[in-house]
Amino acid sequence: MFTDLQAKIWSGYYPANQQLPSENELAQQYQVSRITSKRALQELADIGLVQRRQGSGTFVRRGLRLRPKTKQILLVIPFAPESGLGDYITGIKSVLTPQGQELTVIEKQSFDFDHPERLATHFDGIIYYPQQLTIELAQLERFALAHIPLVLIDQTAFGLPIPSVVADNTQGGYLATRTLIESGHQRLIFLATADFAHALNSSVAQRYFGYLQALMEQDLDFAITPEQATRLTEDDFAALPAFLKKEQITGIVTEHDLLALDVLRFLQEQAINVPEDISLIGFDNITRTATSQPQLSTIRQDFQTIGQKAAQLLQERIANPFDPTIKQATVPVDLIPRQSIKRLG
């Protein structure tokens with residue numbers, strides 16, 4: 001009964017704001033008990049397809065939109081797919097291909113924020129990688145309010161009613177810092193280019209929190225503030241050498257691998273050797289970390305699993321974009337030890 005009523009709603013047999021038969025009428029029509037018909041209507045309400053109005057009955061939700069399926073999925077990322085910055089595509093396609101769906105990949109600057117309904121005529125759903133969620137949310141909420149299937153990767157915010165898949169960034173920051181501590185380092189800093197002091201839900205902030213957690217567990221009382229973490233990367237690291245010397249820093253945790261590689265280049269230009277003089281660890285495990293000199297130790301994000309889970313969540317939203325259950329998935333990270341960490345003592 002539930003399945004049949006659901007199919008009739010999605011087919012348009014019961015259009016938006018249409019009143020459904022009463023519990024007694026449905027019980028007679030399907031030859032079931034009134035308890036069964038009541039449960040079926042409640043299950044439809046639980047997945048957001050109907051609204052139960054006290055004293056009036058049960059109605060198909062007034063905002064129901066029936067969009068024809070295109071079998072096309074859109075991935076929006078802030079970098080070129082061939083850049084080697086994260087292979088989400090393989091994981092996404094592992095879900096789409098068996099469904100007969102095709103993937104289009106574009107960079108964010110080509111994304112049409114202004115016409116959600118126009119995009120919805122071309123794509124069944126969107127997987128979106130935000131760079132600055134606090135800024136982009138004002139545009140993304142238009143897609144959410146239009147019930148266009150949307151899943152975020154890499155960033156989310158607590159309570160945000162948009163499904164998302166992220167790496168365990170706090171655990172990654174913790175693991176990077178703990179690795180340095182276990183190698184004998186006690187004077188450690190965290191470096192970032194993003195101004196995460198005003199975006200505490202960001203992935204960078206979560207990695208910084210992991211850095212703090214590892215220091216606290218080992219009773220280490222030296223840490224830098226979010227403001228210092230970004231200030232030390234400004235002007236091509238102009239203030240960094242003096243800070244390293246003054247504070248006797250022996251280890252650096254960075255927000256991501258690209259920054260770690262820039263730090264590595266700068267330190268080498270300053271005749272500061274990695275890992276002999278200072279140890280360094282990144283985050284992401286992009287392809288360049290395996291070919292740098294020295295090879296960069298890093299925290300590996302499982303980009304393929306993130307892509308796979310994002311595609312799975314998107315399939316659920318395509319099947320029912322009105323489901324009030326908003327799922328958030330977190331994918332574990334792991335350490336990739338290489339040559340950029342020196343054991344002290």
**Q** What's the verdict on side-chain contact (heavy atoms from CB on, under 4.5 Å) for Q72 and Q101, showing C-alpha distance, side-chain angles and the deciding distance?
**A** CA-CA 6 Å; Q72 301 293 319; Q101 296 168 319; over 6 Å; no

**Q** Give a yes or no on whether a salt bridge exists between R343 and E182, defined as a side-chain N under 4.0 angstrom from a carboxylate O.
**A** no

**Q** Using the rule that two of Ile, Leu, Val, Met, Phe, Trp, Tyr join whenever any of their side-chain heavy atoms come within less than 4.5 Å, decide whether F209 and V166 are in one cluster.
**A**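 As far as the 4.5 Å side-chain criterion goes, V166 and F209 are not connected within one cluster.
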
**Q** Hey, does the side chain of E25 reach the backbone of P21 with a donor-acceptor pair shorter than 3.5 angstrom?
**A**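 Pair absent, no side-chain N/O of E25 close to backbone of P21.
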
**Q** With heavy-atom distances below 4.5 Å as the criterion, would you say the side chains of D124 and I73 are in contact?
**A** yes

**Q** Keeping the roles fixed (side chain from S164, backbone from Q328), state whether a donor-acceptor pair exists under 3.5 Å.
**A**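 No, the answer is negative, given that no donor and acceptor are paired below the 3.5 Å cut-off.
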
**Q** Is it true that E23 and R52 have a side-chain N and a carboxylate O under 4.0 angstrom from each other?
**A** yes

**Q** How about NZ on K38, more than 12 heavy atoms from neighbouring residues, nucleotides or ligands closer than 6.0 Å, or not?
**A**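 For K38, atom NZ is not crowded (no more than 12 foreign heavy atoms under 6.0 Å).
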
**Q** Hey, are the side chains of L267 and N273 touching, using non-hydrogen atoms and a 4.5 Å cut-off?
**A**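 The answer is no; the side chains never approach within 4.5 Å.
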
**Q** Is L215 close to R178 at the side-chain level, that is, under 4.5 Å between some pair of heavy atoms?
**A** no

**Q** For E217 and Y174, which I'm curious about, is there any donor-acceptor pair between the side chains at under 3.5 Å?
**A**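 Note: E217 and Y174 side chains meet the donor-acceptor criterion.
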
**Q** Please check if the side chain of Q312 supplies one atom and the backbone of V95 the other of a donor-acceptor pair under 3.5 Å.
**A** no

**Q** Answer whether the closest heavy-atom distance between the side chains of F243 and K246 falls below 4.5 Å.
**A**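 The answer is no, as the side chains (C-beta and beyond) never meet within the 4.5 Å cut-off.
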
**Q** Should F283 and I336 be regarded as members of a common hydrophobic cluster, given that ILVMFWY residues are connected when their side-chain heavy atoms come within less than 4.5 Å of each other, either directly or indirectly?
**A** no

**Q** Looking at D334 and R300, does any basic side-chain N land under 4.0 Å from a carboxylate oxygen?
**A**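 Between R300 and D334 there is a salt bridge, with a charged N closer than 4.0 Å to a carboxylate O.
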
**Q** Does this structure show an ion pair linking D236 with R265, if we count only N-O contacts that are shorter than 4.0 Å?
**A**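 A salt bridge is present here (some side-chain N lies under 4.0 Å from a carboxylate O).
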
**Q** Is F303 reachable from L259 through a run of I, L, V, M, F, W or Y residues, each pair having side-chain heavy atoms under 4.5 Å apart?
**A** yes

**Q** Assess whether side-chain contact (heavy atoms from CB on, under 4.5 Å) is satisfied between V165 and T305, documenting all intermediate values.
**A** CA-CA 9 Å; V165 183; T305 297; over 6 Å; no

**Q** As a test of understanding, state which of Q301, E255, R207 forms a side-chain hydrogen bond (donor to acceptor under 3.5 Å, both in side chains) with N169.
**A** R207

**Q** Output yes when a side-chain donor or acceptor of D235 lies under 3.5 Å from a complementary backbone atom of F237, and no otherwise.
**A** no

**Q** Can a salt bridge be assigned to the pair E102 and K71 using a cut-off of 4.0 Å between side-chain N and carboxylate O?
**A**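 A salt bridge is absent here (no side-chain N lies under 4.0 Å from a carboxylate O).
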
**Q** For atom CD of Q248, decide whether the heavy atoms of other residues, nucleotides or ligands shown that lie under 6.0 angstrom number more than 12.
**A**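 Counting neighbours around CD of Q248, 12 or fewer heavy atoms of other residues, nucleotides or ligands fall under 6.0 Å, so no.
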
**Q** Could you tell me if the side chain of S279 sits less than 4.5 Å from the side chain of H185, heavy atoms only?
**A** yes

**Q** Under 6.0 Å between the ring centres of F143 and Y128?
**A**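 Distance test on ring centres: not under 6.0 Å, no.
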
**Q** Would the distance check show the side chain of T70 and the main-chain N or O of H122 forming a donor-acceptor pair, the cut-off being under 3.5 Å?
**A** yes

**Q** Is there a donor-acceptor pair closer than 3.5 Å between any side-chain N or O of T97 and the backbone N or O of S94?
**A**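 Side chain of T97 to backbone of S94: no pair is present.
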
**Q** Would you call P241 and F266 a side-chain contact if the rule is heavy atoms closer than 4.5 Å?
**A**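 Contact flag for P241/F266 side chains = yes.
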
**Q** Could E316 and K327 be called an ion pair, given the rule that one side-chain N must be under 4.0 Å from one carboxylate O?
**A** yes

**Q** For a side-chain contact (heavy atoms from CB on, under 4.5 Å) check, start with the C-alpha distance between F222 and Q186, then their side-chain angles and the critical distance, and finish with the verdict.
**A** CA-CA 8 Å; F222 176 84; Q186 296 188 1; over 6 Å; no

**Q** Looking only at non-hydrogen atoms, find the nearest pair between A194 and T230 and report the distance.
**A**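 Between these two residues, the closest heavy atoms are O-CG2, 2.8 Å.
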
**Q** Restricting to non-hydrogen atoms, name the atom on I189 and the atom on L191 that form the minimum distance, rounded to 0.1 Å.
**A** CD1-CD2, 3.9 Å

**Q** With the threshold set at 4.0 Å, does a side-chain nitrogen-carboxylate oxygen contact exist between D114 and R142?
**A** yes

**Q** With Y211, which residues qualify under ring pair (Phe, Tyr, Trp, His ring centres under 6.0 Å), at least two apart?
**A**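 Per chain and number, Y211 pairs via ring pair (Phe, Tyr, Trp, His ring centres under 6.0 Å) with F190, Y208.
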
**Q** For D168 versus P332, what's the shortest heavy-atom pair and its separation?
**A** CB-CA, 4.3 Å

**Q** Locate the shortest heavy-atom distance separating Q99 from Q315; write the atom from each residue and the value.
**A** CG-OE1, 4.1 Å

**Q** Measuring only between side-chain heavy atoms, which start at C-beta, is H198 closer than 4.5 Å to D195?
**A** yes

**Q** Restricting to non-hydrogen atoms, name the atom on A205 and the atom on F196 that form the minimum distance, rounded to 0.1 Å.
**A** CA-CD1, 3.8 Å

**Q** Does a side-chain heavy-atom distance below 4.5 Å link L258 with I286?
**A** yes

**Q** I'd like to know if the side chain of R53 reaches the main chain of G57, judged simply by a donor and an acceptor atom lying under 3.5 Å from each other, with no hydrogens or angles considered.
**A**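 No: the side chain of R53 does not pair with the backbone of G57.
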
**Q** Take R288 and L261, measure what side-chain contact (heavy atoms from CB on, under 4.5 Å) needs, and give me the verdict at the end.
**A** CA-CA 8 Å; R288 287 170 53 194; L261 292 169; 3.8 Å; yes

**Q** If I take atom CG from residue L152 and atom CD1 from residue I127, how far apart are they, to the nearest 0.5 angstrom?
**A**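 So the CG of L152 and the CD1 of I127 are separated by 10.5 Å.
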
**Q** Has Q31 got a side-chain atom pairing as donor or acceptor with Q28's backbone, closer than 3.5 angstrom?
**A** no

**Q** Please confirm whether the backbone N or O of Q295 pairs with a side-chain atom of T289, one donor and one acceptor, at under 3.5 Å?
**A** no

**Q** Connecting only ILVMFWY residues whose side-chain heavy atoms lie within less than 4.5 Å of each other, what is the rest of M1's hydrophobic cluster?
**A**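 Reading the cluster by chain and number, M1 sits alongside F2, L5, I9, W10, Y13, Y14, L20, L26, Y30, V32, L41, L44, I47, L49, V50, V60, L64, L66, F322.
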
**Q** So, for G172 and I299, which heavy atoms are closest and what is the spacing to 0.1 Å?
**A** O-CG1, 3.6 Å

**Q** Check this for me, if you would: do R67 and E117 make a salt bridge, where the nitrogen-to-carboxylate-oxygen distance has to be below 4.0 angstrom?
**A**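 Looking at E117 together with R67, the answer is yes, because their closest N to O distance falls below 4.0 Å.
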
**Q** Determine whether a donor-acceptor pair (N or O, by modelled atom type, separation under 3.5 Å) exists between the side chain of S203 and the backbone of Q155.
**A** no

**Q** Do Y129 and F79 have their ring centres less than 6.0 Å from each other?
**A** yes

**Q** Got a second to check how far K342's NZ is from S183's OG, nearest 0.5 Å?
**A** 11.5 Å

